Number of protein chains: 2
Amino acid sequence: MRASAAPGDRMAYQGGMTGPRRERLVQIGQVAEQTGLSLRTIRFYEENGLVIPTTRSEGGFRLYSDSDVARLEVIKRMKPLGFSLEEMQELLTLLAELDSGSGDRERLRDRLRMFHEAATARVTALQEQLAVAEGFADTLAGHLDAQR
Amino acid sequence: MRASAAPGDRMAYQGGMTGPRRERLVQIGQVAEQTGLSLRTIRFYEENGLVIPTTRSEGGFRLYSDSDVARLEVIKRMKPLGFSLEEMQELLTLLAELDSGSGDRERLRDRLRMFHEAATARVTALQEQLAVAEGFADTLAGHLDAQR
DNA sequence: CCACTCAACCCTGACGTGAGGGACGAGTTC
DNA sequence: GAACTCGTCCCTCACGTCAGGGTTGAGTGG
């Protein structure tokens, strides 16, 4: 943990004269802190084309915009569904296309429906896993009691 | 699917004159079928010392006794708890020691308690995952509705 | 009765995969 | 100059997958 407002603290990089909007840009450490993902994970997602930082500093530091961070947070919410990175990417672009109103409506909806089906299937699987897990935990508790 | 009672069918190997008990021994394929684990997984568990078949045929086929299969089924119940193979092995021997009444009572109970704690922690984590997963599935459903 | 064949089953060994973790030495930013 | 970040590399875990060969037991032939 870093002490709050310690001497070494850094503010979000504001992007020199390059951008006209003076958008809020943060570097990877802050993103990690906000999202709870590790640096390694965030870089890994980039490698796989999931979230590519809007820009980089002159020295090469990754700089993330708010929407980059939002994307990461969506991914985080998807994770428990057990989708692969590839699937997540597809779903992300799919949602973006729906939002922007581009692409073949019909097909988009179809693919979205498939994702939804996969998701609910996965939810069911998780429920089953949970039941088994609870069962086993109880078994352990039983063994503990038996040994009192 | 294999046709039932096809010419090529084989019965469970009974172990020639070597065993006095004529114990029921099955080979890996049947075990896989019963437990729902893959052949690879079962072999992998053996590699890691989790379940070693009671014996082998002359030609080297793995032959599993009922208790071997039972062990595999216990492992299967543990899996959703996300323990590592090493931890599962420890827990298995731990339970065996408790059953057989060997070893330091005090210490055994302590370790068992730790496993139980880990298990309940894991159950909580699973519940959270499930909640997130359900939430995301709902989000998807929402997007579907919005596109009607 | 023994030899042979056949399909189904099984063996070991090696490499591949997915989703990251950890360490490194060098560079950047504040 | 302290804190942060970079890219590169190798490591892990729980298997999947492929290759190439051996085993088993029932059926067939002599």
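No experiment lies behind these values; they were computed from the predicted model shown. By convention in this document, chain letters (A, B, ...) are assigned in the order of the sequence lines, proteins followed by strands, and residues within each chain are numbered from 1. Scope of the values below: all heavy atoms of this structure, side chains included, with no hydrogens, waters or symmetry mates.
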From [options], nucleotide with atom closest to [X] side chain:
X      : options                   : answer
F44(A) : dT5(D), dG20(C), dC15(D)  : dG20(C)
F61(A) : dT29(C), dG20(C), dC9(C)  : dT29(C)
I28(A) : dC6(D), dC10(C), dT12(C)  : dC6(D)
S57(A) : dT29(C), dC15(D), dC6(D)  : dT29(C)
R40(A) : dT12(C), dA14(C), dC10(D) : dC10(D)

Item to complete: Evaluate whether atom CZ of R107(A) has more than 12 neighbouring non-hydrogen atoms of other residues, nucleotides or ligands under 6.0 angstrom away.
Response: no
Worksheet entry | Any donor-acceptor N/O pair under 3.5 Å between dT12(C) base and R43(B) side chain |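 Counting by modelled atom types and ignoring angles, no donor-acceptor contact under 3.5 Å is found here.
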Worksheet item: Does the S38(A) side chain pair with the main chain of T41(A), one donor and one acceptor, at a distance under 3.5 Å?
Response: yes
Worksheet item: Side chain of N48(A), backbone of L50(A): donor and acceptor closer than 3.5 Å?
Response: no
Practice prompt. Could you identify which residues of residues 66-86 of chain B place a heavy atom less than 4.0 Å from some atom of DNA chain D, listed by residue number, or say none?
Written response: K79(B), S84(B), L85(B)
Fill in: All pairs passing salt bridge (Lys or Arg N to Asp or Glu O under 4.0 Å) where residues 67-94 of chain A contributes a residue, at least two apart
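Passing the test, one end in residues 67-94 of chain A: E90(A)-R111(A).
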Length of the line joining [X]:[atom1] and [N]:[atom2], which is rounded to integer Å:
X      : N       : atom1 : atom2 : result
E47(B) : dT12(C) : CD    : C1'   : 10 Å
Q30(A) : dC30(C) : CD    : C1'   : 13 Å
Y45(A) : dA19(C) : OH    : C1'   : 8 Å

Discussion item. I'd like to know if R105(A) pairs up with E97(A) as an ion pair, taking the criterion as any Lys NZ or Arg NE/NH1/NH2 lying under 4.0 Å from an Asp or Glu carboxylate oxygen.
Written reply: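 Answer for the salt bridge query: no.
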Worksheet item: dT12(C) phosphate, OP1 or OP2: any side-chain N/O from R56(B) under 4.0 angstrom?
Response: yes
